[in-house]
2 protein chains.
Amino acid sequence: MSKKVKTLVDPTTEEKIKEAARKLFTQKGFAAVKTRDIASEAGINLALLNYYFRSKEKLFEIIMVENLQQFLQGLSLISNEENKSFDDLIEKFAGSYTTWLTKNPDIFFFILSEIKNDLARLDMKLDSLIPERSGMRKKIQEMMKTEKMTDQDIFHLMSNMIGLIIAPFILKHLLQGISDGSEKQFNERLEERKKLIPLWLKAMKGVK
Amino acid sequence: MSKKVKTLVDPTTEEKIKEAARKLFTQKGFAAVKTRDIASEAGINLALLNYYFRSKEKLFEIIMVENLQQFLQGLSLISNEENKSFDDLIEKFAGSYTTWLTKNPDIFFFILSEIKNDLARLDMKLDSLIPERSGMRKKIQEMMKTEKMTDQDIFHLMSNMIGLIIAPFILKHLLQGISDGSEKQFNERLEERKKLIPLWLKAMKGVK
DNA sequence: GTCTATATTCTGATAGAC
DNA sequence: GTCTATCAGAATATAGAC
């Protein structure tokens with residue numbers, strides 16, 4: 001209890017370094033960040049970074065894994081909820097992943113650009129990072145039978161769902177140039193999409 | 001003519017360096033690439049890089065601008081074709097941008113991850129890079145009137161169209177894990193999507 | 001634990017021979 | 001134009017005082 005309070009009020013040096021590293025690595029990637037930037041951002045001495053985390057690589061790996069966990073958490077949370085209809089699953093997914101992306105756009109782009117460099121190394125770790133991973137696979141296979149979906153259907157449905165969810169974040173600057181460009185309006189549009197995406201996906205269902 | 005042939009058969013040193021730089025910068029970004037990597041990839045000496053391109057920054061800027069032009073070329077080509085219906089425009093766009101992405105996935109991810117670092121510097125150059133840029137704006141505004149679309153409609157339509165097009169490329173590894181994972185099948189699915197996306201967008205039109 | 005000073009390696013760029 | 005050798009500065013990491 002006291003530790004929690006202390007953490008909120010007065011972060012330890014280790015925490016300060018980690019938060020600075022998280023911010024910079026997530027925004028700019030491994031190669032573009034210098035250890036001096038991290039030390040400066042954390043308001044500590046350069047030597048302390050190595051004292052606490054041994055090396056830039058070790059520190060980066062911690063941040064990368066945590067970012068990946070963050071990113072995958074939403075997926076597994078949703079897939080673990082039981083007894084849902086397929087449509088309900090899609091509705092939940094569109095809502096919660098849009099919300100997550102609103103809060104963590106940087107992590108999303110980090111995953112997109114940085115993970116591929118370490119994909120081989122990471123793929124082995126994925127199962128330990130997400131114990132629910134095989135559960136997700138099963139869930140999808142179950143649904144393929146229940147809904148009588150083919151591989152082809154799954155490919156297009158997943159592409160469509162994810163595509164519709166992430167597009168506004170990828171196009172943000174471009175889209176803000178079209179309308180009034182305010183953050184408030186952008187977020188309103190996202191709220192609209194949370195409700196529209198499930199409806200859209202239903203409407204697309206009949207198309208062949 | 002003789003120059004063109006010579007270029008194909010026996011690239012000059014300058015060309016070799018530029019191609020090596022294009023490959024590495026596009027795949028890994030500015031900071032992650034070392035000048036020695038480029039020299040090695042090009043099969044030439046490190047000093048020649050500076051001899052031909054003065055500095056790593058200058059070389060990168062050339063590649064960045066060319067990548068950006070490549071990326072935007074498709075957009076302006078389509079927007080410049082005259083006398084098309086709105087539906088026709090969408091159909092053309094889905095087809096040609098999917099084709100482009102198939103050929104240039106690296107450039108797409110490069111734009112996504114690298115451009116934001118230089119956005120301010122680039123924004124000023126954009127108009128000179130794409131003379132058709134203001135033409136595109138007009139095209140959109142025309143269509144808003146003709147089709148009686150609001151800002152809101154445009155926001156969602158653009159998000160939906162782009163989202164449906166790019167999703168398979170972003171999800172490629174994940175999606176290949178679901179089905180047989182062959183490149184051939186992935187490309188077949190892309191061909192399906194070229195035809196389906198316009199139909200899907202029509203089906204979504206009625207949803208409110 | 002934290003700091004200053006320094007060692008070590010890496011990296012971009014150049015000088016000068018050919 | 002091309003190469004080898006080398007410089008100057010940056011960047012990571014450590015030694016050692018406090």
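The analysis underlying the following values was restricted to heavy atoms, covering all of them including side chains, and did not include hydrogens, waters or symmetry mates. Naming convention: chains lettered A, B, ... in sequence-line order (proteins, then strands); numbering from 1 in each chain.
Along DNA chain D, the nucleotide nearest to B:Gly43 and the one nearest to A:Thr35 differ in position, and the one closer to the 5' end is contacted by B:Gly43. Comparing A:Tyr51 and A:Lys34, the nucleotide of DNA chain D nearest to each residue sits closer to the 5' end for A:Lys34.
Rounded to whole Å, the distance from CD1 on B:Ile38 to P on C:dG12 is 8 Å. Taking atom CG of residue A:Asp37 and atom C1' of nucleotide D:dA11, one finds them 10 Å apart after rounding to whole Å. Between B:Asn50 atom CG and C:dT14 atom P the separation is 6 Å, expressed in whole Å. At whole-Å resolution of the value, CG in B:Leu48 and P in D:dA5 are 15 Å apart. Atoms CG (B:Asn45) and C1' (C:dA13) sit 12 Å apart, rounded to a whole Å. Rounded to an integer number of Å, the gap from CG of A:Leu46 to P of D:dT14 is 11 Å. Spacing between atom CD of B:Glu15 and atom C1' of D:dT2 amounts to 17 Å, rounded to whole angstrom units.
Residues passing the side-chain contact (heavy atoms from CB on, under 4.5 Å) test with A:Ala21, sequence neighbours excluded: A:Phe25, A:Ile38, A:Leu59, A:Ile63.
Heavy atoms of B:Arg36 sit under 4.0 angstrom from at least one base atom. Using a 4.0 Å heavy-atom criterion, one finds that A:Leu49 contacts no nucleic acid atom at all. Contacts of B:Glu57 with the nucleic acid, taken as non-hydrogen atoms under 4.0 Å apart, involve only primed sugar atoms and P, OP1 or OP2.
Which of D:dA15, C:dT2, C:dG12 sits closest to the side chain of A:Ala47 comes down to D:dA15.
Side-chain atoms of B:His156 and A:Arg193 form a donor-acceptor pair, as typed in the model, at a separation below 3.5 Å. Side-chain polar atoms of A:Asp37 and A:Ser40 form no donor-acceptor pair below 3.5 angstrom.
A cation-pi contact, defined as under 6.0 Å to the ring centre and within 45° of the axis, links A:Lys172 to A:Phe186.
At least one side-chain nitrogen or oxygen of B:Thr13 sits closer than 4.0 Å to the OP1 or OP2 atom of D:dT2.
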